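If you read the sequence from its start, that first residue is 1, and numbering goes on from there. This structure is a prediction, so every number in the text was calculated from the model and none was measured.
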Amino acid sequence: MAGPLPLGDPAPVDARLPADLPIDPAVPFSAYLHVPFCRVRCGYCDFNTYTSGELRGAKQEDYATTLISEIAIAERALGEAGALRPMDTVFFGGGTPTLLPAGDLARMLDAAASAFGLAEGAEVTVEANPDTVTPGVVRTLADAGVTRLSIGMQSAVPHVLSALDRTHRPENVQTAVAAAKDAGLAVSVDLIYGAPGESLGDWERSLDAALELDSDHISAYALIIEDGTKLARQIRRGEVPTPDDDLQADMYELADSRLAAAGFEWYEVSNWARSSAGSGSRQDNRSRHNLAYWRGSDWWGFGPGAHSHVAGLRWWNVKHPAAYAQRLAASESPAAGTERPGEEARMLERVLLLSRLAEGIAVEDLPAGNRSRVAGLIADGLVDPASALGGRVRLTLRGRLLADAVVRALTD
């Protein structure tokens with residue numbers, strides 16, 4: 001289970017936005033649609049997801065209709081605030097969105113597009129586990145307007161998948177990618193490194209397998225042990241070893257080297273996109289939806305536990321699907337709480353997010369009292385000196401490995 005929701009102020013039951021909210025119509029708008037269902041709970045996962053035995057009154061077959069009710073509330077609230085804008089990106093995340101019938105995902109997308117509109121060239125992504133992808137599913141998604149499939153590969157090595165409690169077979173990934181490409185979808189694959197028992201050779205095998213898929217985008221995330229997860233309990237009991245930081249660093253360096261040699265460029269610490277310089281489509285290979293988060297754009301998160309952000313205002317929904325459905329059945333907003341961080345908190349967040357991007361953060365956007373620390377970060381090999389001379393803080397490879405330390409130096 002995911003951790004507790006943040007503390008915050010009470011959220012209005014009608015989802016009305018404050019009259020003084022400084023909404024900028026030029027800021028891109030995105031939608032996140034959370035599908036909280038999974039067949040099994042992976043041992044490392046702390047996302048707000050539920051297996052069939054944990055739904056306690058919520059019905060998976062009713063979910064699309066319930067979420068569409070929240071879309072109607074959002075349309076009214078944004079319209080009253082003068083904040084209606086077409087969606088630049090849409091992301092179906094989870095959980096496993098493709099556990100729902102593809103027709104349900106299409107209905108949700110159609111409802112959102114009818115409410116807000118889709119910007120020309122909008123990116124529409126659906127996350128999927130490999131064993132839920134079939135040619136029929138991806139054809140339905142493509143016909144509905146989905147442009148991109150993000151496939152949870154995680155590893156190509158059976159014992160690593162087992163350690164992560166993943167249920168798909170490695171060969172299912174290739175089948176899923178082929179089906180997505182045949183339907184004309186762009187493809188991203190997600191990898192996790194540092195699982196218990198995973199060697200550098202295992203990781204190399206997974207990287208090679210991912211590159212053989214000829215995808216457009218690869219994400220590689222270090223395994224993080226989250227409190228409350230099955231894996232955290234196993235480590236606490238001494239059943240599996242704690243991830244080795246040095247080994248994870250070696251794995252990251254190997255990923256960056258292999259991906260760069262294959263024509264991928266890093267654009268965020270854990271994300272690489274296939275370079276297409278000169279073709280006019282380079283940006284399309286990056287996850288524009290994730291860039292919207294990192295750059296602080298506006299988005300509305302639909303579904304249990306989903307978080308939203310509009311013009312500096314943040315709110316989050318009740319976590320359990322049954323509570324979510326009950327709120328919406330009563331024509332009430334499912335929001336559980338809200339907050340409006342001050343300028344200092346927003347600045348710290350900007351540094352945290354923008355510094356992880358290859359484009360970096362402008363020195364002038366750093367807290368004024370901390371700008372002099374950039375010189376020390378250059379001396380430590382964490383920040384690119386030429387970029388800093390040009391007015392931007394950009395991480396070196398060593399800086400990416402120590403990104404949290406860089407953020408602390410720039411914000412403490």
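Checked by atom type, the side-chain pair D202/H159 shows a donor-acceptor distance below 3.5 Å. With 3.5 Å as the limit, one finds no donor-acceptor pair spanning the side chains of D46 and T229. In the model, S206 has a side-chain atom that pairs as donor or acceptor with a side-chain atom of S155 under 3.5 Å. Side chain to side chain, T49 and R41 meet the donor-acceptor criterion of an N or O pair below 3.5 Å.
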**Request:** With side chain to side chain donor-acceptor pair (under 3.5 Å) as the test, would you mind laying out the steps for E265 and N285 before giving the verdict?
**Result:** CA-CA 10 Å; E265 293 182 351; N285 290 336; over 6 Å; no

**Request:** Check step by step if salt bridge (Lys or Arg N to Asp or Glu O under 4.0 Å) holds for E123 and R286.
**Result:** CA-CA 10 Å; E123 175 193 271; R286 306 178 187 192; over 6 Å; no

**Request:** Quick one: do E204 and R258 satisfy salt bridge (Lys or Arg N to Asp or Glu O under 4.0 Å)? Show the steps, please.
**Result:** CA-CA 9 Å; E204 185 174 24; R258 283 296 179 90; 2.2 Å; yes

**Item:** salt bridge (Lys or Arg N to Asp or Glu O under 4.0 Å) evaluation trace for R148 with D216
**Value:** CA-CA 10 Å; R148 185 172 179 270; D216 310 295; over 6 Å; no

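Between R85 and D298, at least one side-chain N (NZ, or NE/NH1/NH2) sits under 4.0 Å from a carboxylate O, which counts as a salt bridge. With respect to the salt-bridge test (charged N to carboxylate O, under 4.0 angstrom), the residues R288 and D88 qualify. Between R400 and D256 there is a salt bridge, with a side-chain nitrogen of the basic residue lying less than 4.0 Å from a carboxylate oxygen of the acidic one. A salt bridge links D214 with R274: the distance from a Lys NZ or Arg NE/NH1/NH2 to an Asp or Glu carboxylate oxygen falls below 4.0 Å. Electrostatic pairing of E359 and R394 does not count as a salt bridge here, judged by no charged N lying under 4.0 Å from a carboxylate O. Salt-bridge annotation for D20 and R340: present, with a side-chain N of the basic residue lying under 4.0 Å from a carboxylate O of the acidic one. R392 and D384 are not joined by a salt bridge, as no carboxylate oxygen comes within less than 4.0 angstrom of a charged side-chain nitrogen.
More than 12 heavy atoms of other residues, nucleotides or ligands sit less than 6.0 Å from atom CD of Q234. The number of heavy-atom neighbours closer than 6.0 Å to CD of E343, taken from other residues, nucleotides and ligands shown, is above 12. For R346, the CZ atom is densely surrounded, since the number of other residues' heavy atoms within 6.0 Å is greater than 12. Taking a 6.0 Å sphere around CZ of R16, one finds it holds 12 or fewer heavy atoms contributed by other residues, nucleotides or ligands.
Y44 pairs in a side-chain contact (heavy atoms from CB on, under 4.5 Å) with only one of the listed residues (I192, D165, I225, I224), which is I192. Among Y293, F116, Y32, F29, the single residue meeting the ring-ring contact (aromatic ring centres under 6.0 Å, His included) criterion with W299 is Y293. Under the ring-ring contact (aromatic ring centres under 6.0 Å, His included) rule, W272 has a single partner from Y221, F264, W266, Y252, which is Y252.
Looking only at side-chain heavy atoms (C-beta outward), V35 and T96 stay at 4.5 Å or farther from each other. Residues T338 and R314 form no side-chain contact, since every pair of their non-hydrogen atoms from C-beta on lies 4.5 Å or further apart.
With rounding to the nearest 0.5 angstrom, the CZ atom of R76 is 7.0 Å from the CG atom of D14. For the atom pair H289 NE2 and F92 CZ, the distance stands at 11.0 Å (nearest 0.5 Å). The distance from atom OG of S308 to atom CG of L313, rounded to the nearest 0.5 Å, is 9.0 Å. For the atom pair L382 CG and S355 OG, the distance stands at 11.5 Å (nearest 0.5 Å). Interatomic distance, M153 CE to D190 CG, rounded to the nearest 0.5 Å: 10.5 Å.
Ring centers of Y267 and H217: under 6.0 Å apart, within the cut-off.
In this structure, R350 contributes its side chain and D365 its backbone to no donor-acceptor pair below 3.5 Å. Side-chain atoms of E239 do not come within 3.5 Å of backbone N or O of I235 as any donor-acceptor pair.
Of all heavy-atom pairs spanning N129 and T98, the tightest one is N-OG1, 3.9 Å.
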